[in-house]
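Because the structure is a prediction, the values reported are computed rather than measured. The figures that follow rest on heavy atoms only: side chains count, while hydrogens, waters and symmetry mates do not. In what follows, every chain begins at residue 1, and chains take the letters A, B, ... in the order their sequences are listed.
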Amino acid sequence: MTRLAAGAGEVVLATASAVLLLTGALFCLLGALGLLRFPDTASRLHASSKAQTLGVLLSLLGAALRVPPPYAGLLLLVALFQLFTVPVAGQVIGRVAYRTGAVDRSTLVMDELAGRLGPPDPEAAAEPGDTGSGDGAEDEPEDGAGDGRRREV
Amino acid sequence: MSAVAVAALALLSAAAVLVLVRLVRGPRSLDRIIAVEVLVTLLVAGACVAIAVWEYTTFVPVLVVLALLGFIGAMTAARLIEEREELR
């Protein structure tokens, strides 16, 4: 009886794992499709950071159901790590995209960064000499104050 | 279970081809950075399939390294092209 229950549990785990793996792969494909089809860098960032992350999280969960507990813990740790790092990387890449003019500002409904971060406007183009000078190790413009300082230079 | 593996790996391979097209087309360095990051993520997903189906538990530390590598690589490259205008 217990053997039978264990066998049934095994089947349930395998089925759940298979469903999770296939769904994860599907979401990865959708994310890649979005990355290929979307018109500008900011919307491509949406596809890569949302659909792709969901896909890899589902895949990690599906793998974690099939391995011994220590490995499953490590896989869940990787999933947690993805949840922490993907928003950070997305924010940094999005900020760089905005600063370097990769965002088409005519498509934006609301532009809260307009006065804070420097997109390539004539005013910014008039000060070409600030790229190499003074941007050293202390340059961590993660907040509005730092960026304001840097824009003034 | 191996049919599941074939299906999942086929989906992931199709995704990798689409990402490679974006990687070649660009047009900006940022798009290529995003594409490389997604490619590393696809590798993680593919390794997950291998771990689940064929029980390659030796791949698990590789996953940790890949996750770290994709994050640090994308961040570093993005910061670099923010600093240097000729790389955009």
Treating Ile, Leu, Val, Met, Phe, Trp and Tyr as nodes and any side-chain heavy-atom pair under 4.5 angstrom as an edge, say whether B/L43 and B/Y56 lie in one connected cluster. yes
So B/V64 and A/L77, do their side chains get closer than 4.5 Å, heavy atoms only? no
Near A/Y71 OH, under 6.0 Å, is it more than 12 heavy atoms from other residues, nucleotides or ligands? no
Interface moiety of B/A35 toward chain A, non-hydrogen atoms closer than 4.5 Å: both
Turns out that what part of A/V96 lies under 4.5 Å from chain B's heavy atoms comes down to both
Under a 4.5 Å side-chain heavy-atom rule over Ile, Leu, Val, Met, Phe, Trp and Tyr, are A/L33 and B/L39 clustered together? no
Side-chain heavy atoms under 4.5 angstrom apart, residues restricted to Ile, Leu, Val, Met, Phe, Trp, Tyr: same cluster for A/L57 and A/L20? no
CZ-CD distance between A/R66 and B/E55, expressed to the nearest 0.5 angstrom: 6.0 Å
Option that, when pairs with chain A are counted at under 4.5 Å, heavy atom only, ranks first among B/L23, B/V4, B/T57: B/T57
With a 4.5 Å cut-off on side-chain heavy atoms, are A/L45 and B/I34 touching? yes
Smallest heavy-atom separation, B/A52 atom then A/A63 atom, equals CB-CA, 3.7 Å
Nearest-0.5 Å distance that lies between atom CG in B/D31 and atom CG in A/L35: 7.5 Å
Candidate pair A/V88 and B/F71, rule side-chain contact (heavy atoms from CB on, under 4.5 Å), full reasoning: CA-CA 9 Å; A/V88 175; B/F71 170 62; 4.1 Å; yes
The interface call for B/L9 against chain A, heavy-atom contacts under 4.5 Å, is neither
Point-to-point distance, once rounded to the nearest 0.5 Å, from CD of A/Q82 to OG1 of B/T41: 6.0 Å
Report yes if the side chains of B/E37 and A/Q52 come closer than 4.5 Å at any heavy-atom pair, otherwise no. no
Hydrophobic cluster membership, B/L63 vs A/V67, 4.5 Å side-chain cutoff: yes
Ranking B/P61, B/A15, B/A5, B/A14 by heavy-atom pairs under 4.5 Å to chain A gives rank one to B/A15
Rounding to 0.5 Å, atoms CG (A/L22) and CG (B/L11) come to a distance of 7.0 Å
What's the shortest heavy-atom distance between B/V19 and A/A32, and which atoms? CG2-CB, 3.6 Å
Go through the steps for B/L68 and A/F81 under the test side-chain contact (heavy atoms from CB on, under 4.5 Å), then give the verdict. CA-CA 8 Å; B/L68 271 168; A/F81 187 72; 3.4 Å; yes
Hey, are the side chains of B/I72 and A/T85 touching, using non-hydrogen atoms and a 4.5 Å cut-off? no
Distance col, row B/R79:CZ vs A/I93:CD1, nearest 0.5 angstrom, shows 12.0 Å
Spacing of B/I51 atom CD1 and A/L60 atom CG [to the nearest 0.5 Å]: 8.0 Å
